[in-house]
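Since the structure comes first, as structure tokens, the remarks are kept for the end.
Whatever order the structure lists them in is the order used to number ligands and atoms, beginning at 1. Position 1 is the first residue of the sequence, and the numbers go up from there. What you see is a predicted model; the values in this text were computed from it and never measured.
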Amino acid sequence: MAIESKIVDPYVENYIKSLVPESMGLFHELEHYAERFQVPIIQKEVAQYLKVFLKWVKPKTVLEIGTAIGYSASLFAYEMENGHIDTIELSEGMAEIAAVTFQKLSEMRPDVSVRQWLGDAQEVLPKLENKYDMIFIDAAKGHYQAFLDLCLPRLNTGGVIISDNVLYKGMVATDAYLVKRKITIVKRMRKYLAFISNHPDLETTILPIGDGVAITYKKGGTV
Ligand code: SAH
Ligand code: MG
């Protein structure tokens with residue numbers, strides 16, 4: 001199926017996607033479920049990027065905002081081999097499906113503990129006490145700045161924040177694709193990207209893969 005993200009030329013996107021090997025087992029199952037029920041899991045070339053990223057960064061503690069069916073968290077656990085993941089989800093229905101996913105995952109990765117938190121991330125984040133090597137922000141796009149403000153103090157110096165969907169269907173980079181009902185979300189996302197790109201204690205790069213991914217390194221300092 002040809003997909004148009006409106007972020008890079010479709011021929012580039014589809015070619016890169018075509019090079020990603022087919023998933024197996026649990027991952028294959030979850031991809032099918034996501035497609036059937038329209039769950040917005042990370043796109044395959046983003047999953048592939050994160051696999052490589054996890055192999056080189058080797059985080060031991062991960063925080064995820066937006067569990068959905070547990071696909072991305074499972075990918076993290078699979079690559080980490082051991083460590084801990086905290087993952088937050090607002091929807092009870094999603095969290096229940098993710099619980100089944102994590103049950104299956106625990107057979108493959110018994111040395112990674114996954115703790116699910118149910119609720120709005122803005123209410124859950126202040127309760128967290130762990131420090132993380134990596135934080136994955138993949139929930140309500142209009143609230144990334146609020147999520148960031150709450151989770152930056154929980155990120156270790158030298159840790160990274162990965163923000164998904166930051167180019168949101170091409171709308172963030174150009175008004176040409178902007179639809180009216182998304183104006184607020186898009187304006188907030190532009191502000192968020194400017195913030196993480198210019199903060200003196202952070203170093204950010206934005207990748208035009210999938211729906212846009214920002215990688216932010218915490219240098220230390222005041223945040
Ligand atoms: N990370 C997942 C996909 C997440 S989709 C993956 O790639 O496999 C985004 C999820 O964020 C949805 O399940 C949605 O219910 C959840 N969400 C939306 N707003 C939220 C909030 N304020 N707090 C926590 N979760 C939220
Ligand atoms: Mg996403």
### Query
Is Arg190 paired with Asp175 through a side-chain N to carboxylate O contact shorter than 4.0 Å?
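Counted as a salt bridge, because a side-chain N and a carboxylate O are separated by less than 4.0 Å.
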Look at ligand 1 and say whether [X] reaches it with a heavy atom at a distance under 4.0 Å.
X      : result
His143 : no
Glu64  : yes
Ile65  : no
Gly119 : yes
Leu75  : no

### Query
Only one of His32, Glu29, Glu31, His28 forms a side chain to side chain donor-acceptor pair (under 3.5 Å) with Ser23, so which one is it?
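One option only clears the test, and that one is Glu31.
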### Query
Under 4.0 Å from any heavy atom of Thr67, which atoms of ligand 1 are there?
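Heavy-atom distances to Thr67 below 4.0 Å select 2 (C).
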### Query
Which atoms of ligand 1 sit under 4.0 Å from any heavy atom of Pro40?
3 (C), 5 (S)
Any [X] side-chain heavy atom under 4.5 Å of [Y] side chain:
X      : Y      : answer
Met108 : Tyr78  : yes
Leu30  : Ile41  : no
Leu50  : Ile42  : yes
Lys131 : Thr61  : no
Ile161 : Leu202 : no
Asp133 : Val57  : no
Trp117 : Glu89  : no

### Message
Tell me which one of Val112, Ile97, Thr67 satisfies side chain to side chain contact (heavy atoms under 4.5 Å, CB included) with Phe102.
### Response
Thr67
Starting from [atom], locate the nearest protein heavy atom and write down its residue, its atom name and how far away it is, to 0.1 Å.
atom                    : answer
atom 6 (C) of ligand 1  : Ser72 OG, 3.0 Å
atom 7 (O) of ligand 1  : Ile42 N, 2.9 Å
atom 22 (N) of ligand 1 : Asp120 OD1, 3.1 Å
atom 15 (O) of ligand 1 : Glu89 OE2, 2.5 Å
atom 3 (C) of ligand 1  : Asp138 OD2, 3.3 Å

#### Entry: Options Ala140, Gly142, Ala121, ranked by nearest heavy atom to atom 19 (N) of ligand 1, top entry
Ala140
### Message
I need the contact type for Phe147 against ligand 1. Using non-hydrogen atoms and a strict under-4.0 Å cut-off, is it side chain, backbone, both or neither?
### Response
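It is the side chain that gets close, since no backbone atom is under 4.0 Å.
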### Task
Using the ring of Tyr168 (Phe, Tyr or Trp, six-membered ring only), decide whether Lys141 places NZ or CZ under 6.0 Å from its centre and within 45 degrees of its axis.
yes
### Query
Which value, rounded to 10°, describes the OD1(Asp138)-the Mg ion (ligand 2)-OD2(Asp164) angle?
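About 100°, to the nearest ten degrees.
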### Query
Backbone or side chain, does any N or O of Ala139 fall under 3.5 Å from an N or O of ligand 1?
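It does not: no N or O of Ala139 is found under 3.5 Å from an N or O of ligand 1.
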### Query
Are any of the N/O atoms in Leu90 less than 3.5 Å from those in ligand 1?
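Yes.
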### Task
Tell me whether Ser72 has at least one N, O or S atom under 2.8 Å from the Mg ion (ligand 2).
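Ser72 does not place any N, O or S atom closer than 2.8 Å to the Mg ion (ligand 2).
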